[in-house]
Amino acid sequence: MQRLRRLLKPNPETLHHLLVNYKWLWSIINSVTFLSDSLMTFVYLLRSNAVDSPPLYTSAHEYITLEASYNLSYYARGLPAVPTDCPTPMGIKGKRVLPDPKIVVERLFKRTVFKPEPMHSSLLLAYFAQHFIHQFFKTDHQKGPGFQWGGHGVDVSHVYGKNKHVENLLRSFQDGKLKTQVLNNEEYPPYQADVPGVPMTWMGQVADNNKFALGHQFFGMMPGLFLYATIWMREHNRVCDELRRVHPEWDDERLFQTGKLIIQGETIKIVIEDYVQHLSNYHFLVTFKPELLHTEVFQYQNRIAAEFDHMYRWHPLMPDEFNISGVVYPIMEFIFKSDLVVKYGTKVFTDSLSRQIAGQMTARNHGFLTQSVALDTIENGRKLRFQPYNNYRKNLDFPHTKFSELTDDPEVAATLEELYGDIDGVEFYAGLLSEKRRENNMFGALVIEMGGPFSVKGLMSTPICSPRYWKPSTFGGDVGFNIVKTASLEKLFCKNIPGDECPLISFVVPPENIPSSEKCENCKNDEL
Ligand code: HEM
Ligand SMILES: CCCCC/C=C\C/C=C\C/C=C\CCCCCCC(=O)O
C-alpha cells in the first residue's frame, strides 16, 4: 500500500513544472470554480498533511516525548535532532569536524557584488516578508536557539504587541482604535516617549523622532517595517470606523476585538492571494477559502518548527542601498530611520519600494550587515543538531546525489565539496542558500517544498478558519466578513494612503524601473 501511494504521489519537480507553465490550461482551471476549488483543497491537504500535528519532536530529544506536544516554549522540529552519539555531526556522513562557521560565511554567504532577484521581486515584497514573519519567528535567545517566545502562528502580535499589557498601551480605548499621532498631515503610530512602557529595541544613538511605539520591538530597525506597521495601524482604525457605522451601539471593547479578528482575516487573505501567489509564481490562482477544509479531516493547531525559522532567514533579499524618490541611502543611513517615511510620506515611500529590485536568494549574496545573522544561523543549526540538508530532501523523496545537482554554479559546488566532503554532509542552511533556482521561481526547490507545508498549515489552522469561527457574525456581520473576503495588498495600501491617486503598490518591479542589464526571460514583469 505504502509503495503504491508513493508511486501515485506526484513528483515535486513535475508538479512544480506543471504549475509554472501551461498558462492557457491554468486560465481554464482558474475560471471553473469547481475545478479550482477541488485543486485548492488538494493543495491545502497535500501540504498540511506533510506537517506533524500535534508535533512529535523538539530540539531537546531526538525521540517522541509528551513535552513536544505540551511545552510551547520550544520550537517544534521538522526532523528530529541528530543523536549525540553519532560518528559525525551530520549523522554518519560528512566530516567529523565541520568547517569554521566564519569560513562558511566568508566562502558561501558573503556578498561581493549585489545579485538582483531574477524574478524582479520588489523591496515592498522583501519588507512584507520581514514584517509578517516576525510575528511568529521569535527565538528566545536567553533560553537558547531551540526555544521561542511567540504564539506559534499568525496571531497578529506584530500589530497589537506581544501581550495584553503592550496591547493595552497601544490602544486608545476610544471607538476600538489604536493610538495615533499626526505628522506632516498623515497619521502615524505614537512616539515611544508618549507611550511609556512599550518595549522597543534600539541600537546605538537613535534620535527621539525615530523612536515610535510599535507592535514588535524590532520594527523601528527598518523604515520599510515602520511603513507596514503604519499601514496596518491605519487599517485597524479604518475597520473600526466601518464597524461603528453598522454597529453604532457597540462599545470600544467590542469594536477593538472585532477589528482585530478582521485584521487577522485580512492578513491571511493577503498572505495567500498576494504574497504566496507571488512567491510560488504558479499560474494556478491560490485562494483563501477556509470552508473548503470544513468537510475534511484537519487539525486547527500549529507549531512553528526551528527549521522553518532558519529557512526563512531571507537576508539576501536586502540590498546595500535604498533609492527613495531618486535619493540613494546606503543601508547604514537607512536603518533606524523611521522618520524617512514621515519625511517622504507613505505614498512616495510605497512607490519607491515597489520600484526597487530586492536581492537574489542565493549563495554569496548576504550584505555586510546581515553576515553576522548568517554566522549565527550556522552556529545555531549546529547547536540544534539539524540533520543535513539532503536528509530534508530525502524526506520529501527528492534527494541529490552529487554537488553539481545541488547548484549549477561550479565554483559554489566545488566550495561545498571542499567544506563538507560529501553531498550528505552539507549542513542545512548552507545547502538551502546554495541551491540552484527552481524553474520560474525565486527560490531553490527545498524552500518551496518545505516552506509550502509549514505555510499552508500555519495559515489555515488559525482559529478564524475553523468551522465555528468562519461565519459573518464573528466579523461583525456581512460588512466585516466582506472586508476579510475581499482584502488585497493593493486595497490595504490604497485605502490607507491619503490623496486621490494611489502609488504603485507592487511585489514586482515594473519594466520601466528595471535597468537594461537586468532584463530577463520568463519574468513576471514581461507579462505586465
Ligand atoms: C537589512 C535587513 C535586515 C536586518 C539588518 C536583519 C537583522 C536580523 C537580526 C540582527 C536578527 C537576529 C539574529 C540572531 O538570531 O542573532 C535577524 C533574525 C531574523 N531575520 Fe532578519 N534582518 C533583516 C531582514 C530580514 C528579512 C528580509 C527577512 C525575511 C524575509 C528576515 C528574516 C529573519 C528571521 C526569520 C530571523 C530569525 C528570527 C528569530 O528567530 O527570532 N530578516 N535578522
Ligand atoms: C505560521 C504561519 C506561517 C505562514 C507562512 C506564510 C507564508 C509563507 C510564505 C512562504 C514560505 C516559503 C515558501 C513557500 C512558498 C510557496 C508555497 C506555495 C504554495 C504551495 O505549493 O504549497
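Computed from heavy atoms alone, side chains included, the values below leave out hydrogens, waters and symmetry copies. Computed from a predicted structure; not experimentally measured. Just so you know, ligand 1 is whichever comes first in the structure, and atom 1 is the first atom listed for that ligand.
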Q: Measure the spacing between CE of Met460 and CD1 of Ile272 and express it to the nearest 0.5 Å.
A: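 Met460 CE to Ile272 CD1: 5.0 Å, rounded to 0.5 Å.
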Q) Just how far is it from atom NZ of Lys211 to atom CZ of Phe336, taken to the nearest 0.5 Å? A)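 Going from NZ on Lys211 over to CZ on Phe336, the span is 10.0 Å.
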Q: Just grab all the salt bridge (charged side-chain N to carboxylate O under 4.0 Å, His left out) pairs involving residues 290-307, residues at least two apart or on different chains.
A: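 Those involving residues 290-307 are Arg77-Glu307.
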Q. What residue pairs, at least two apart or across chains, pass salt bridge (charged side-chain N to carboxylate O under 4.0 Å, His left out) with a residue in residues 440-460?
A.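 Qualifying pairs: Arg47-Glu449, Arg438-Glu449.
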**Q.** Contact residues of ligand 1, where a non-hydrogen atom lies under 4.0 Å away
**A.**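 Its neighbours under 4.0 Å (heavy atoms only) are Tyr75, Ala126, Ala129, Gln130, Ile133, His134, Phe137, Lys138, Thr139, His141, Met221, Met222, Asp309, Tyr312, Arg313, Trp314, His315, Met318, Ile331, Leu369, Thr370, Val373, Asp376, given by chain and number.
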Find all protein N or O atoms under 3.5 angstrom from an N or O atom of ligand 2 and list the pairs with distances, or write 'none'.
from, atom 1, to, atom 2, distance (Å)
ligand 2, 21 (O), Arg47, NE, 3.2
ligand 2, 21 (O), Arg47, NH2, 2.8
ligand 2, 21 (O), Tyr282, OH, 2.7
ligand 2, 22 (O), Arg47, NE, 2.7

Q) Which atom names give the shortest non-hydrogen contact between Asn440 and Val20, and what distance separates them? A)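 Residues Asn440 and Val20, closest heavy atoms: ND2-O, 3.2 Å.
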(Q) Angle between ring planes, His278 versus Phe507, binned at 30° and 60°: parallel, tilted or perpendicular? (A)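 His278 vs Phe507 ring planes: perpendicular.
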Q) Is any side-chain N of the basic residue among Arg111 and Asp320 closer than 4.0 Å to the acidic one's carboxylate O? A)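 Between Asp320 and Arg111 there is a salt bridge, with a charged N closer than 4.0 Å to a carboxylate O.
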**Q.** Ion pair check, Lys491 and Glu266, cut-off under 4.0 Å
**A.**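 No salt bridge links Lys491 with Glu266.
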**Q.** Check: Tyr75/Thr139 side-chain N/O donor and acceptor closer than 3.5 Å
**A.**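 Their side chains do contain a donor-acceptor pair, which is all the 3.5 Å distance test asks for.
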